[in-house]
S.K.: 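I have a structure I would like to understand better, so I am pasting it below and will then ask my questions one at a time.
Proteins get letters first, then strands, A, B, ... in listed order; numbering begins at 1 in each. Heavy atoms only: backbone and side chains are in, while hydrogens, waters and symmetry mates are out.
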Amino acid sequence: MVVDQDLVRHLSESSVSVELQTEEMTLNIGPQHPSTHGVLRLVARVDGERAFDVQPVIGYMHRGYEKLSEVRTYPQITTLINRIDWVAGYANEIPFVVAAEKLLGLEVPERAQYIRLILTEMARISSHLIFMASYPLELGAATPLFFALRERERVLDLLEGVTGGRFHPNFNRIGGVKPAYGSGSSTRKVIQDLPAGFLAATREAMDRVLEAVEELELLVADNEIILARTKGIGVLPADVAAAYGVSGPNLRASGVAFDLRKVEDYLPYHLFDFEIPTGENGDCWDRWHVRLLEIRQSVRIVQQAIDGIPSGPLQAKVPKIIKVPQGETYVRAENPKGEMGYYLVSNGNQGPYRLKIRSASFSNISILPWILEGVLVPDIIAILGSLDFVLGDVDR
Amino acid sequence: MAKGLWVTIYTMVRTIFRPGKYLATVNYPLVKETPVPRARGVIALDQEACTVCMLCARNCPDWCIYIEGHKEEKPPDKPGGRVKVRNTLDRFDIDYALCMYCGICVEVCPFDALFWSPEYEYSEVKMGAMLHDMDRLQDWLETVPPDPELEK
Amino acid sequence: MTSSPSETANGETEAAEADADAAVEAATPEPHPLQEFADHVAATVGGEGAVVFDTVKVEVDSGDWVSALTTARDEMGLIFFSWLSATDWSSEVQVGDPYPEAVEDRIEVLATVGDISEGRRVTFSTTLGKDSPSISSLVGVYAGANWHEREAHEMFGIDFEGHPNLAHLYLPDAFVGNPLRKSFPLLTREVKPWPGTVDVEAMPGGGDEEESADGPSEENPEA
Amino acid sequence: MSAFLSDLFANFWVSLAGKLLLVALMIPLVGMVIGYAEMKLSAKMQARVGPYFAGGRWGWAQLIADGVKFFQKEDLIPEEADRPVFKIAPVLVLISTVALLVVIPFGPGIIFRDLSVGVFYALAISSLSTVGILMAGWSSGNKYSLMGGLRAAGQLIAYELPLVLAVIGSVMLAGTMSMSGIVEAQIEAGYPYLIIQFVGFGIFMVAALAELSRIPFDMPIAESELVMGYLTEYSGFRFLFFFLAEFANMFTLSAIAVTLFLGGYWLPGIPEDVLAYAGPVIVLAKTFLLVFAMIWFRWTFPRFREDQLQSLAWKWLIPLALANIIITGAFKVYL
């Protein structure tokens, strides 16, 4: 009998492996991916569904605003900076003009302060509504998107009615808010105060926002699948968050009641009654819930501000060509995404010598390598979405 | 879960039966929303009012306004009067592909030659066509709305 | 080529400047409520504290950089890392306006840290030489310094010793140069002529006021 | 004339061709109706208009326009793809849908083929579509597709079991595996099996959603995670096949549920001679009711995570289905 020696050897050497040999795979999430909110790229090394190393790659949207600011005048820069975090464009302008006003030593008229505050809070509401819209979408629920966007549309319409821009209001001027249309004009000078009916329309819109927030709560907070997908996922302890510079609602979700609106004086927030909502565990659910509660607080602030808005001038007396005196200052503000600040170095000219833009999302997503270690691929998306970043705010 | 299902079915029923009240969107090319009067849609130019002072071009953060002009002598109104020198506009282009819609040019114009119009439907297939010349900008002037009333 | 905001050559803006100056003088308060805190921080970490326009700024020696911030974190409770960046102080400026008075050529590294309870914040600053600036990395103290230091590295060419991965953050790997240095030209403004150079004539109606509003004097010598 | 017609249809080949034509026409038709319903209903649930332009009124021609668009598109096949498998996969998915339609009774005697093992056949064929999905994911040469395909495979294994176990109750009660036999048994009993098999019905619908990979079980597609999962690399008419198959599959699986649990073409109070004509209408009405529920769920719920889906299947649905079988058995014995 002829025995195939090769076959025998092959059979004797082969063994059944009990340990499953798996191969690691590099998954390139982004820069074009439906849920990276723009051009964020994550290089994830995954073993099956579990990622053991995720490295973000940013810079696809770097526009060099810090350099561009050095060749522009102060009024021109507000045009640029409301494109940093474009879902809350208005809020970006505030710390910058406040920084310039600080160097100039200007007192901003009360009415202008109130208008700034109302519009900032409306920008916060619209930004948080975008989060309310996009976050369930990342978990697969499409309908909350439209409920949130519908209300955001209402808020943006009001913003547009005042400023003329939905996303890029460019409404703040050093010393106040945009004073007049054709300001140099000797023939036709139109003051840009709030348009008639704005206060009543805002009051109504705020009520509608509250209704929509209730609906969103029913749709999202009442859903067991959402809870299963977010509770205990992506837990961020407060001390780690602080060390990475994670700020805003993401920090408050970790249980820290810290809000720059309470401790800084860039806008007269001390006149109004509002609370700082905080989370308990710092997980994805808390980050969602804190933002939901913040919408309610912002609505409260807007309602109070509308009731108490004083009349008066819209702008302090400023020279026509603004030259900011020498000096340097750092002004930070509580933006919808977190701490937004400008370190302004002026050399006494029409434009800044150096402008450092501290944007919230940049620090907020620097936590990603830490927080995404060892999570499942669906959780990458859940955590990513819960951090609520905007790529313009990351790359500047 | 049940509450979420209730929200969607409730919205569906009320949207079907009272679309006028509850519909959040419009059939865009068929129905159009009116933009607010202050909306920064497109910049209109009043050629008559422009004195070619270059202020807008110089204040533009993007350098997207191109102006050329020349001096023109006007005969005196009365015989024996002074000969008037007037600046005449030869070229006034705004490159909307570059424009950031900040409105600084409109604000700095001392002669009320520039206005914002809320008109928005002027997209083009080719980028070069986004450069509007002075005649096109003049045409936008008709769409400029009166200023809104102010809140007291 | 200087190409945008710069001082105006003619003297018509003097009145406006005087206005601004007066406003500044009137509003700068002398003893600042934060001065005490600034002195306290400076004494604890070993440096010089000042309050500039409501910002507590503490200057430390570049050799004490890490130890100063460690002290700030551990003893002052400043656990929140806000940002780290730098300023290129230079008398020769490629783009934008130079400093009016001569400045010592140096790179100033800035880092702002704060607490997350009372809202106190301190901007630490240290000075480095212009040629191959180098400083110890803060990553061991504040984990968040990682990206900020990478940004400062590519933008200013500062070498952070001990940084785990000092690669480019925004720019392509092959990019040469440090864009935020004052010696780095801004290409977009180099390749296109300024449309404001064309000048027809001084305006008949507006007088000289409008002229003073225009931009760089170099490009518009008539103005 | 009618004698000629009946003679003609008595011919095996002619009747086969006629039935094939009918089935082949029904799939795109049903797919389009459901696709349109999904677009329009989801729009209303979100306070939107939905399609309104194509066709003039209510956008009724939207899906026809979409279909034409898909056929015009370039048929892209990635270089790294396993070409034959990549090409076959969408066809396989569509075929499984067509084949399912064959055993659904639309009225007394109105059935393409009354198999004695109809239920068995339906369940076997319905899992074929998942094989097609696995093939699509595997052959695309794309990591996202691969993950989507593997998720689909995991889902197939996890949900085929509850699906099979859920229908056993009805089969036991009817004592037959023929689809029309089960309907007749329900008519005879005088009540739809839903009344005693509500657990089975619930499990069947959940498993059917998973089988269809629709929200909340759309992990194989999961556009926010895996871009489009196994569909990522498909374009043109191959994508259209998947698209149609999804909607048609919604219909067929709902029709099976109607047959097994909701009494098929039977409605209480309607005499039998009317049923012969009204049967298809009743089946369609009941089926579209279930399809509507599927659409409703899709536009309300988010999606599960893969491991949550697995634990739902193995820890909840399978034990529940087994318990249901035991209880049904006891019920059958003591009745």
S.K.: Most heavy-atom pairs under 4.5 angstrom with chain A, which of C:T55, C:V113, C:V56, C:I116?
M.R.: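 Among C:T55, C:V113, C:V56, C:I116, the one with the most close pairs to chain A is C:I116.
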
S.K.: Do A:K337 and A:D85 meet the salt-bridge criterion of a basic N to acidic O distance under 4.0 Å?
M.R.: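 Answer for the salt bridge query: yes.
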
S.K.: Please flag which part of C:S125 lies under 4.5 Å from any non-hydrogen atom of chain A: side chain, backbone, both or neither.
M.R.: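 No part of it gets close to chain A.
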
S.K.: How about A:P352 and A:Y342: do any of their side-chain heavy atoms sit closer than 4.5 Å?
M.R.: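 A:P352 does not reach A:Y342 side chain to side chain.
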
S.K.: Quick check for you: to the nearest 0.5 Å, what is the distance between A:I367 atom CD1 and A:N250 atom CG?
M.R.: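 Between atom CD1 of A:I367 and atom CG of A:N250 there are 9.5 Å.
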
S.K.: In terms of heavy-atom proximity below 4.5 Å to chain A, should C:R181 be classed as side chain, backbone, both, or neither?
M.R.: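 For C:R181, backbone heavy atoms alone lie under 4.5 Å from chain A.
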
S.K.: When rounded to the nearest 0.5 angstrom, what distance separates CG in A:L372 from CG in A:L384?
M.R.: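 If we round to the nearest 0.5 Å, A:L372:CG and A:L384:CG are 7.0 Å apart.
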
S.K.: Distance to the ring centre below 6.0 angstrom and angle to the axis at most 45 degrees; does that hold for C:K182 and A:Y353?
M.R.: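 Positive - C:K182 is close enough to the ring of A:Y353 and near enough to its axis.
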
S.K.: Relative to chain C, which segment of A:V57 carries a heavy atom at a distance below 4.5 Å: side chain, backbone, both, or neither?
M.R.: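 A:V57 has no heavy atom closer than 4.5 Å to chain C.
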
S.K.: Step by step, work out the side-chain contact (heavy atoms from CB on, under 4.5 Å) result for A:N335 and A:D393.
M.R.: CA-CA 11 Å; A:N335 258 37; A:D393 205 25; over 6 Å; no

S.K.: If you count heavy-atom pairs within less than 4.5 Å of chain C, which of A:G59, A:A243, A:A238 leads?
M.R.: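 Most heavy-atom pairs within the cutoff with chain C belong to A:A243.
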
S.K.: Is any NZ, NE, NH1 or NH2 atom of the basic residue among A:E339 and A:R332 found under 4.0 Å from an Asp or Glu carboxylate oxygen of the other?
M.R.: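 Result for this pair is yes, salt bridge flagged.
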
S.K.: Under the 6.0 Å and 45° cation-pi test, does A:K262 pair with A:F274?
M.R.: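 Yes, cation above the ring, under 6.0 Å and within 45°.
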
S.K.: Heavy-atom pairs under 4.5 Å with chain C - which of A:E328, A:R354, A:M61, A:R396 has more of them than the others?
M.R.: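 Among the listed options, the one with the most contacts to chain C is A:R354.
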
S.K.: Determine the option with the most heavy-atom pairs under 4.5 angstrom with chain A, choosing from C:L110, C:D115, C:T123.
M.R.: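 Highest number of heavy-atom pairs under 4.5 Å: C:L110.
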
S.K.: Given the options A:V256, A:V263, A:I58, which has more heavy-atom pairs under 4.5 Å with chain C than any of the others?
M.R.: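 If we count pairs closer than 4.5 Å to chain C, A:I58 comes out on top.
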
S.K.: Answer with side chain, backbone, both or neither: which region of A:K102 has an atom nearer than 4.5 Å to a non-hydrogen atom of chain C?
M.R.: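 For A:K102, the contact with chain C is made by backbone and side chain together.
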
S.K.: Taking C:R73, C:M155, C:E118, C:E151 one by one, which has the highest count of heavy-atom pairs under 4.5 Å against chain A?
M.R.: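 Top option by heavy-atom pairs under 4.5 Å: C:E151.
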
S.K.: Report the distance from atom CD of C:E104 to atom OG1 of C:T127, rounding to the nearest 0.5 Å.
M.R.: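 Between atom CD of C:E104 and atom OG1 of C:T127 there are 7.0 Å.
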
S.K.: Which region of A:S346, side chain (C-beta onward) or backbone (N, CA, C, O), has a non-hydrogen atom less than 4.5 Å from a non-hydrogen atom of chain C, or is it both or neither?
M.R.: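 Contact with chain C: backbone only.
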
S.K.: Measure distances from A:E107 to the heavy atoms of chain C and classify the residue's part below 4.5 Å as side chain, backbone, both or neither.
M.R.: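 Answer is neither: A:E107 stays 4.5 Å or more from chain C.
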
S.K.: Would you mind checking which part of A:L355 comes under 4.5 Å of any heavy atom in chain C, side chain (CB onward), backbone (N, CA, C, O), both or neither?
M.R.: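 The answer is neither part of A:L355.
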
S.K.: Apply side-chain hydrogen bond (donor to acceptor under 3.5 Å, both in side chains) to C:R121 and list each qualifying residue two or more places apart in sequence or on a separate chain.
M.R.: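 Applying side-chain hydrogen bond (donor to acceptor under 3.5 Å, both in side chains) to C:R121 gives A:E264.
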
S.K.: Select one option (side chain, backbone, both, neither) describing which atoms of A:Y60 are under 4.5 Å from chain C's heavy atoms.
M.R.: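 Contact with chain C is absent: no heavy atom of A:Y60 under 4.5 Å.
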
S.K.: Could you walk me through whether A:V108 and A:V97 pass side-chain contact (heavy atoms from CB on, under 4.5 Å), step by step?
M.R.: CA-CA 10 Å; A:V108 179; A:V97 290; over 6 Å; no

S.K.: Check the angle between the aromatic planes of C:F81 and C:H148 and answer parallel, tilted or perpendicular using the 30° and 60° thresholds.
M.R.: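 Judged by the thresholds at 30° and 60°, the geometry between C:F81 and C:H148 is perpendicular.
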
S.K.: Establish, from distance only, whether the side-chain atoms of C:T87 and A:Y343 form a donor-acceptor pair under 3.5 Å.
M.R.: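 Absent: no donor and acceptor within the cut-off.
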
S.K.: Please flag which part of A:I322 lies under 4.5 Å from any non-hydrogen atom of chain C: side chain, backbone, both or neither.
M.R.: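 The answer is neither part of A:I322.
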
S.K.: Using a heavy-atom cutoff of under 4.5 Å, enumerate the residues of residues 135-146 of chain C that contact chain A, numbered in order, or state 'none'.
M.R.: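 Near chain A, by residue number: C:Y142, C:A143, C:G144.
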
